[in-house]
Each structure stands twice: as structure tokens, then as C-alpha cells.
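Take a look at the structure set out below.
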Amino acid sequence: MLAGSHLRRVGNGEVLFHRDDPAPDFLGLVDGLLYVYADAGDEGPRLVFVAHPGWWAGSVAMVGGSERRCTVVARAPSVLLSVPRMHIEALARRDPTTWRHVAVNVAAQYDSLALLLLAQANPDPRVRLLISLKRLHRFNDGATIFPVTQSELAELSGLSRNSANRAMRQFVAEGLIETGYGWLRIVDPDTLDAALCQRNGSGECCERRAG
């Protein structure tokens with residue numbers, strides 16, 4: 001796959017692509033930080049994910065031949081691996097298992113979306129916030145430190161800033177997370193999962209692990 005690829009460098013604040021843009025390539029984050037925005041209708045774009053190195057964009061559009069499904073913006077100087085669609089298609093003609101690797105990424109995208117929808121349907125701000133933290137950890141290859149503000153985490157969770165701040169203070173007091181200026185750390189992912197299961201009262205968010 002690397003033979004037909006190239007590195008793309010973007011600066012802080014640069015838009016990689018907008019929703020409905022053409023999708024000529026599959027993009028993997030090598031270094032940096034990306035914010036993913038979805039169209040929230042009359043409310044405008046809304047932050048739905050913060051991506052660390054190892055995250056890939058474009059798998060759904062790659063398989064379906066459609067346009068981009070979201071808007072992605074660099075929040076730090078970033079380096080991406082761009083794999084052209086035509087290269088993946090040529091590789092798949094020689095090795096059909098190529099699509100299996102793409103499908104794994106598609107499944108991860110839909111799993112992440114399912115958790116996002118589950119969070120929005122829950123009336124408890126604490127559960128919404130815990131699901132958001134779980135998504136950040138699970139779909140960023142097990143990362144535990146995230147350079148996000150409390151306002152951004154509130155937006156990720158569909159909460160007001162006040163509601164998110166109250167829940168965050170409680171989680172800090174319980175030892176689930178640590179916070180600082182513009183960052184947070186999940187102290188122990190298993191303890192976070194246990195807290196989510198206890199508060200959610202079902203196994204919907206509890207038993208599924210990445211992989």
C-alpha cells in the first residue's frame with residue numbers, strides 16, 4: 001500500500017476536507033491531532049471526535065464511492081499518509097483481502113457512531129460524558145491522554161458546559177480522570193468502563209472492546 005502513497009503535511013487550523021467534498025484518497029494520521037465535525041443541521045457543524053495518530057479517514061467513502069461524510073480540521077501541525085483510491089482498487093484486484101482491511105475501519109467508524117448515538121439518547125449527563133471518554137479511548141488505539149478543553153468535551157457529549165463541568169468534577173473526585181489546562185487523562189480505562197456499566201444499568205456500553 002505504501003508504494004502508491006504520499007505524505008501530506010497540514011498546519012494548525014487547516015481544513016483537510018469538508019463534508020460532501022470528493023474523496024480521492026484514504027487518509028491515515030501519522031502525527032498530530034485532528035478534530036472531526038458532523039453536520040448538526042440548523043445548529044451548524046458539531047465536534048464529534050478528536051483523532052490521534054493511527055486514526056484513518058475515508059473508509060466509508062472509499063467503499064461506497066461517495067463524498068466525504070464529515071469535516072476534518074487539524075488542531076496541531078499534522079502529517080497524514082494519503083493512499084489514493086485508485087491505488088487501493090488496483091491493490092484489491094491483485095489481493096481481494098485488501099477490502100477486508102478497509103472493512104475493519106468501516107466497522108470501527110460505525111461502532112463509534114453507535115456509541116455517539118447511544119450517548120445522545122441517554123438523559124444522564126454523567127453517562128453521556130463517560131461514553132464520550134470511552135469513545136476517545138477505544139477508537140484512538142487505547143490512548144488515555146487527550147488535549148481537549150472542558151468546553152470541547154461538553155460539545156462531544158451534547159451537553160452544556162455547566163453540566164459537563166459538574167460531571168467532570170465528580171469524575172475527578174472519584175479518581176476516574178485527571179484534568180489540567182486544556183487536557184485530561186483517563187486514569188484507568190477498566191475503572192472507567194466499570195463506572196459506565198454501573199451508571200448505565202445495562203451491558204450496551206460494557207462488553208464491547210476494540211478488536
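The figures that follow rest on heavy atoms only: side chains count, while hydrogens, waters and symmetry mates do not.
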Apply side-chain hydrogen bond (donor to acceptor under 3.5 Å, both in side chains) to [X] and list each qualifying residue two or more places apart in sequence or on a separate chain.
| X | answer |
| --- | --- |
| Thr191 | Asp188 |
| Asp20 | none |
| Asp95 | Thr97 |
| Arg128 | none |

Non-neighbouring partners of [X] that pass side-chain contact (heavy atoms from CB on, under 4.5 Å), sequence neighbours left out:
| X | result |
| --- | --- |
| Ala164 | Ala154, Leu159 |
| Ala103 | none |
| Pro84 | Met86, His87 |
| Ala108 | Phe139 |

- Using the ring-ring contact (aromatic ring centres under 6.0 Å, His included) rule, collect all pairs that involve residues 142-197, keeping only residues at least two apart or in two chains.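 Of all non-adjacent pairs touching residues 142-197, those that pass ring-ring contact (aromatic ring centres under 6.0 Å, His included) are His52-Phe146.
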Sequence-distant partners of [X], salt bridge (Lys or Arg N to Asp or Glu O under 4.0 Å), two or more places apart:
| X | answer |
| --- | --- |
| Arg19 | Asp39 |
| Glu174 | Arg199 |
| Arg69 | none |

